[in-house]
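Pasting a structure below so you can have a look.
Chain letters run A, B, ... following the sequence lines, proteins first, then strands; residues in each count from 1. Fair warning: this is a prediction, and the values are worked out from it, not measured in the lab.
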Number of protein chains: 2
Amino acid sequence: MRATILAVARDRFRREGYEAVTMRSLAADAGVDAALISYYFGSKRGLFAAVLELTLNPADVLASLLEGELESLPQRAIRALVAGWDRPETGLPLLTAVRAAAADPALATLLRGGLQREMVDRLADRLGGADARHRAGAFVGQLGGLVFTRYLLAVEPLASMTADEIVRTLGPALRTTLFGPVRRAATGNDHARGPASA
Amino acid sequence: MRATILAVARDRFRREGYEAVTMRSLAADAGVDAALISYYFGSKRGLFAAVLELTLNPADVLASLLEGELESLPQRAIRALVAGWDRPETGLPLLTAVRAAAADPALATLLRGGLQREMVDRLADRLGGADARHRAGAFVGQLGGLVFTRYLLAVEPLASMTADEIVRTLGPALRTTLFGPVRRAATGNDHARGPASA
DNA sequence: TACGGTAGTTCAACCGTGATGAATTCTTCG
DNA sequence: CGAAGAATTCATCACGGTTGAACTACCGTA
């Protein structure tokens, strides 16, 4: 039954968010008494955390991003992020996760740890140099800003810009964060315009 | 009594957050029956919204930022933001506001509207040019990222960087967002290093 | 085969939450 | 004074997560 509860919970959490899903209704959905959830997961939050650990494993996406050439990381990162968050199947769970983390310090700690370990530290290693960690932090912070304003708050115009437009407006800034304001040796696509468009 | 309730609520919300403050305890604090809160504000959320409107008026800060010269806006914006959010008296209420907005769509709408009207639109006007609105959106998004990662999640290293360090690492990126990757005509402090430091 | 223990599962109840509607007091003004 | 209406309280509701006791099912062992 444990697995059933977990599966049902995953589905409903991602669809309806944390607060909207009640333990009783969840139990009913899984054909089980509500107390059983507490028995297995300790609390509603425990259940949610279990669902998170099950769902939240985009570490491999990150890895593949860092394997590519550093010069194009900004565009690739933006594209991957937007792709992941725009698709409801993957975006909704991420969104509810972040929402919950914003409200619950314990979950925030979980998310924070993940971000530091899987993103900041790795990127800093890859970057190297004196203030690598600072630059990596700023990079992650800027991507976090995208999540925050575009997906969590849906502030215009960011909320309805296309991936290309975001790459065009935010890409250069990310590049500056990684490599500094000075243009590197010309690489040929210095302007990093997205694929053909007006 | 309305004013008393509002005052007590403001204090406790900023200190303990939205969920932790219960209507009964709040009523007791204000020397009033809990039902009176509903009578005046309709609901707990209504009360919170009232508190928000009372508290959240940093529109003037924004205005003064936009009045200064555009070239130095990035540094000044970062400094103002960090100053406001680092001081507990002003930072805590902002934080609980954002937290609540992350959880509650209605409050998110409120915040979103404010950000668009008071920040994006104004900045876009000041910037001018073809994609002014896009650049303004990205600018606000990057500042939002600072709020999100440094204050909401407290991701390192951003969480413990000094204002100077943030200006150094994030400033150039913001400048790129506003003016593009090409350096403008030399202004004398091209590197925008913060005040004397290592 | 009977026994005992342990994991799985349900049941009933607890307590705290926000909300509501009727009942009461307090003001105010004709 | 005496209504009218606002302000305030009281009692109560429905619903949330959680808990402890009870019941069941299984599995190894004497």
Side-chain angles (χ1 to χ4, degrees), chain A residues 1-55 93 96-97 99-110, chain B residues 1-55 93 96-97 99-110:
Chain A
M1 282 295 105
R2 214 191 108 106
T4 309
I5 294 174
L6 215 43
V8 172
R10 203 179 65 142
D11 249 40
R12 298 209 38 201
F13 274 142
R14 76 173 50 181
R15 228 184 290 279
E16 308 167 33
Y18 181 74
E19 307 225 343
V21 172
T22 166
M23 295 191 70
R24 283 171 161 81
S25 83
L26 195 61
D29 251 26
V32 143
D33 186 278
L36 196 60
I37 299 179
S38 294
Y39 175 72
Y40 277 129
F41 303 96
S43 64
K44 185 183 182 184
R45 185 156 45 191
L47 171 63
F48 190 79
V51 167
L52 269 204
E53 265 181 77
L54 188 67
T55 304
T96 64
R99 282 221 170 91
D104 185 330
L107 295 175
T109 300
L110 210 77
Chain B
M1 283 295 104
R2 211 191 113 105
T4 309
I5 295 174
L6 215 44
V8 172
R10 204 179 64 142
D11 249 39
R12 300 207 40 200
F13 274 142
R14 75 171 53 179
R15 230 184 287 279
E16 310 167 30
Y18 180 74
E19 309 224 343
V21 172
T22 165
M23 296 190 70
R24 292 197 212 302
S25 82
L26 197 61
D29 250 28
V32 143
D33 187 278
L36 196 60
I37 299 179
S38 295
Y39 174 73
Y40 277 129
F41 303 96
S43 65
K44 186 184 180 183
R45 188 156 45 194
L47 170 62
F48 189 80
V51 168
L52 269 204
E53 265 180 78
L54 187 67
T55 304
T96 65
R99 281 221 170 91
D104 186 329
L107 295 175
T109 301
L110 210 76

Rounded distance (Å) that lies between atom P of C/dT17 and atom CE of A/Met23: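 Interatomic distance, CE of A/Met23 to P of C/dT17: 18 Å.
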Find the distance A/Glu19:CD to C/dT17:P and express it as a whole number of Å.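 From A/Glu19 CD to C/dT17 P: 15 Å.
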Looking only at non-hydrogen atoms, find the nearest pair between B/Gly17 and B/Thr96 and report the distance.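 Minimum heavy-atom contact is CA-CG2, 3.8 Å.
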Where the side chain of A/Met1 is concerned, which of C/dT9, D/dT18, D/dA7 is the nearest nucleotide?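 Closest nucleotide among those given: C/dT9.
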Answer yes or no: does a side-chain N or O of B/Thr22 lie under 4.0 Å from OP1 or OP2 of C/dG18?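 True: B/Thr22 side-chain N/O within range (under 4.0 Å) of C/dG18 OP1/OP2.
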Please state how far atom CG in A/Asp104 lies from atom C1' in D/dG17, giving the value in whole angstrom units.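 Distance, rounded to whole Å: 14 Å.
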Given C/dG18, C/dT10, D/dT8, the nucleotide with the shortest approach to the side chain of A/Ala35: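 Output: C/dT10.
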In this structure, how many angstroms lie between the C1' atom of C/dT25 and the CG atom of B/Asp33, rounded?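 Rounding to the nearest Å, CG of B/Asp33 and C1' of C/dT25 are 13 Å apart.
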Starting at NZ of A/Lys44 and ending at P of C/dT17, how long is that distance when rounded to a whole Å?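 From A/Lys44 NZ to C/dT17 P: 16 Å.
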Report yes if a donor N or O on one partner sits less than 3.5 Å from an acceptor N or O on the other, where the partners are the side chain of B/Arg24 and the base of C/dG16; otherwise report no.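 It does not, because no donor-acceptor pair links the side chain of B/Arg24 to the base of C/dG16 below 3.5 Å.
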Checking A/Ser38 side chain against A/Ala34 main chain: does a donor-acceptor pair fall under 3.5 Å?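 Between the backbone of A/Ala34 and the side chain of A/Ser38 there is no qualifying donor-acceptor contact (under 3.5 Å).
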Respond yes when some side-chain nitrogen or oxygen of A/Tyr40 is under 4.0 Å from OP1 or OP2 of C/dA7, and no when none is.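 False: A/Tyr40 side-chain N/O out of range (4.0 Å or more) of C/dA7 OP1/OP2.
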Within the structure, does a side-chain N or O atom of B/Tyr39 lie under 4.0 Å from either OP1 or OP2 of D/dA7?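 Result: yes.
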Would you mind reading off the distance between A/Leu36 atom CG and D/dG17 atom P, rounded to a whole angstrom?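 Distance check: A/Leu36 CG to D/dG17 P gives 15 Å.
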Any side-chain heavy-atom pair of B/Asp11 and B/Asp29 under 4.5 Å: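 Answer no - side chains too far apart.
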Mind checking whether B/Phe13 and B/Tyr18 have parallel, tilted or perpendicular rings, split at 30° and 60°?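 Parallel.
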Whole-Å gap separating P (D/dG16) and CD1 (A/Ile37):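 For the pair A/Ile37 CD1 and D/dG16 P, the rounded distance is 12 Å.
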